[in-house]
Structures are given as C-alpha cells and as structure tokens.
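Reviewing the structure listed below.
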Amino acid sequence: MVIKKGFPVAPAVAFGAADAGVEIHQLSKWFAVDENRVQALDRVSLTVQDGEFLTLLGPSGCGKSTLLRMLAGLDVPDEGDVAVYGARVERPSLSRGIVFQDHRLLPWLTVRENIALSLHKSGLSQQEQNARVSELIALVGLMGFDKAKPYQLSGGMSQRAAIARALAPRPRILLLDEPLGALDSLTRTRLQNELIRLWEAERITVVMVTHDVEEAVYLSSRVVVMESRPGRIQSIIDIDLPRPRKRTDVRLVTLREQILASLE
Ligand code: ADP
Ligand code: MG
C-alpha cells in the first residue's frame with residue numbers, strides 16, 4: 001500500500017513487449033472545443049501487468065474515458081503510443097473487450113443473439129459458438145434469459161449481458177468505462193463481486209474507469225488516481241490485500257480515506 005507521487009516515466013522494458021499487458025507511453029490528447037484547444041491528457045505513461053485489475057479513478061473530466069477509448073482503439077493519441085500485448089493499438093479489436101455505462105445491446109436481438117454477434121467471424125463452428133454463448137450466459141448469471149430482449153432486462157441484467165458480449169471472443173483484456181455507474185447501490189455491490197469472480201474465472205487483465213473511490217479500492221490490485229486540466233496521473237496506489245476482501249477491512253477504509261483526501 002504505497003502511494004507513489006509524481007509522474008511515472010517510460011516503461012523499463014522495450015516498448016511493445018508481448019508479455020506486458022498494456023504499455024502507455026507519453027500519451028497526450030487535445031480536443032478542439034469551439035475556438036479553443038482543450039488538453040484532455042498530458043504525457044500519461046503507465047504499464048499494466050498481465051492479469052492485473054487496474055482502475056483509473058478521478059473526477060469528471062480528468063480524461064479517464066479518453067484514455068480508455070485509446071486503449072480500445074476508438075480514438076487515437078495526438079502524441080505518444082499505446083500497445084496492448086505487444087501490438088500497437090490503431091483500431092478497435094475483439095481482442096480488447098469494452099463495456100460502457102450504458103449496455104449498448106442491439107434492441108432487436110435477444111440476449112443470446114447479442115452475445116453471439118462477435119463470434120460470427122471467429123472461425124468457431126455453430127456448435128462451438130452456441131456452447132460458448134451458453135457458457136457465458138451461465139457465467140454472468142443470466143440463465144433462463146437467453147431469449148429475452150434488452151427492454152425486458154433490468155439495468156443490472158443488461159450490464160451482465162454487455163459483459164458477456166465483451167467476453168465472448170475471449171479477449172485478453174477487458175476495458176470497463178463506469179460499467180456499474182448507472183445501477184442502484186445494491187445491484188452495484190452485487191455486480192462488483194461478480195466482476196471479481198469473472199476476472200478470476202477468465203484470467204484476464206481488467207482496466208476499469210470509475211469515480212467511486214470505494215469501488216476502486218475494493219476491486220483493484222492497483223488504483224491510478226488522475227487529476228484534471230490537463231488530465232494527468234496524480235498517484236498510483238498498490239492495493240496488495242488478499243482476496244476475498246471485506247469492505248469493512250480497516251486497511252481498505254484507510255486507503256479510501258487517503259485517496260479521498262488526495263482528491264480534495
Ligand atoms: P472523464 O471520463 O474523466 O470524465 P473525458 O475523458 O470524458 O473525462 O474528458 C476529458 C476532457 O476532454 C474533458 O474536458 C472533456 O470535455 C474533453 N473531451 C472529451 N471528449 C471530447 C470530444 N470528443 N470533444 C471535445 N472535448 C472532449
Ligand atoms: Mg468518462
């Protein structure tokens with residue numbers, strides 16, 4: 001539980017190492033807003049190890065979504081580089097699953113069809129695709145809802161389906177942009193535990209955006225605290241506590257207080 005202040009510099013290993021999960025090197029991004037240029041990210045460098053559960057935490061507008069979008073290949077940096085498992089990110093790929101705050105399921109398809117979509121070009125036989133979808137429906141706890149349409153699902157169930165869809169092609173990394181942000185607190189708590197279970201079951205790397213300090217310390221192996229204008233890394237906090245964790249663990253509560261204080 002060490003708080004490292006300041007800017008992490010370039011990764012020690014060569015850029016694009018296949019065994020590093022994510023490498024972000026001196027990444028900057030500007031947006032044009034009317035006549036002005038807004039700097040969303042300022043020379044952000046970060047390495048995410050294979051198998052980590054890392055959260056990006058910070059106030060609204062500090063560039064969390066922008067950073068995640070660049071990991072997904074949905075946006076490109078103005079300066080700097082991003083590589084995921086050794087490959088420079090240039091465009092979206094099914095090898096990097098992404099889930100947003102809204103489920104973005106196709107309303108005219110069933111749960112099963114939504115999850116199956118990304119498998120159509122996977123090279124798997126129809127039988128293998130069906131088996132993978134069934135496995136995922138069980139994994140996210142949506143048994144019996146195969147044929148439901150998105151409008152028939154609660155918010156939590158829709159997010160479960162969105163997570164299953166992202167996991168279907170067996171990505172090595174799951175990118176989550178406030179996936180539980182729109183849920184009521186009971187559903188949110190339940191899905192936090194489910195996320196941990198999925199992360200352990202699928203053995204993937206997770207990078208999650210949140211502005212909820214408690215969620216960040218409860219879930220993560222590391223928390224990257226960001227600050228805004230321009231978006232930068234303020235500090236990185238290792239949460240080296242054993243799992244399963246208890247929300248009331250005094251060490252977690254202390255970390256939460258420390259992070260909250262650093263954000264003020
Ligand atoms: P966060 O997810 O931490 O709330 P964002 O990454 O969404 O922050 O935004 C960071 C900054 O970049 C904000 O000032 C935001 O207004 C700006 N920004 C993000 N996307 C765009 C865009 N497409 N056009 C203009 N400005 C943007
Ligand atoms: Mg955001």
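Just so it is clear, the model here is predicted, and its values are computed rather than measured. Note: hydrogens, waters and symmetry copies are ignored here, and every other heavy atom, side chains too, is used. In listed order, ligands and their atoms are each counted from 1.
- Taking 4.0 Å as the cut-off between side-chain N and carboxylate O, Glu202 and Arg132 count as a salt-bridged pair.
- Remark: Lys147 is not positioned above the aromatic ring of Phe145, lacking an NZ or CZ atom under 6.0 angstrom from the ring centre and at most 45 degrees off the axis.
- At the shortest separation from atom 8 (O) of ligand 1 among protein heavy atoms lies Gly63 N, 3.2 Å.
- Distances from atom 16 (O) of ligand 1 to the protein include no heavy-atom value under 4.0 Å.
- Looking at Tyr85 and Thr205, their side chains do bring a donor and an acceptor atom within 3.5 Å of each other.
- For atom 2 (O) of ligand 1, the nearest non-hydrogen atom from the set Ser60, Ser65, Gly58 belongs to Ser65.
- Between Asp212 and Arg188, at least one side-chain nitrogen of the basic residue sits less than 4.0 Å from a carboxylate oxygen of the acidic one, meeting the salt-bridge criterion.
- Crowding of Arg203 atom CZ: a count of heavy atoms from other residues, nucleotides or ligands under 6.0 Å not exceeding 12.
- The side-chain contact (heavy atoms from CB on, under 4.5 Å) check on Glu194 picks up Arg160, Leu191, Arg197, with sequence neighbours excluded.
- Less than 4.0 angstrom separates some heavy atom of Ala40 from each of these atoms of ligand 1: 11 (C), 12 (O).
- Under the 4.0 Å criterion applied to side-chain N and carboxylate O atoms, Arg170 and Glu135 are assigned as salt-bridge partners.
- Using a 3.5 Å distance cut-off with no hydrogens or angles, the side chains of Tyr218 and Asp249 do not pair a donor with an acceptor.
- Residues Ser28 and Asp78 bring no donor and acceptor atom of their side chains to less than 3.5 Å of each other.
- The shortest contact between atom 9 (O) of ligand 1 and any protein heavy atom is with Thr66 OG1, 3.8 Å.
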key: Derivation and outcome, side chain to side chain contact (heavy atoms under 4.5 Å, CB included), residues Val217 and Ile259   = CA-CA 9 Å; Val217 295; Ile259 294 172; 3.6 Å; yes
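- Atom 25 (C) of ligand 1 is approached by the protein to below 4.0 angstrom, counting heavy atoms only.
- Residue, atom and distance of the protein heavy atom nearest to atom 18 (N) of ligand 1 are Phe31 CD1, 3.3 Å.
- In terms of polar-atom proximity, Gly61 is counted as a contact of ligand 1, with an N or O under 3.5 Å from an N or O of the ligand.
- For the pair Val38 and ligand 1, the shortest N or O to N or O distance does not fall below 3.5 Å.
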inquiry  = Before you tell me yes or no, could you show the steps for Leu142 and Leu136 under side chain to side chain contact (heavy atoms under 4.5 Å, CB included), namely the whole-Å CA-CA distance, both residues' side-chain angles and the distance that decides it to 0.1 Å?
reply    = CA-CA 9 Å; Leu142 283 177; Leu136 282 159; over 6 Å; no
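- Take a cut-off of 2.8 Å around the Mg ion (ligand 2): the protein N, O or S atoms inside it are Ser65 OG.
- Using a non-hydrogen distance threshold of 4.0 Å, Gly231 does not register as a contact of ligand 1.
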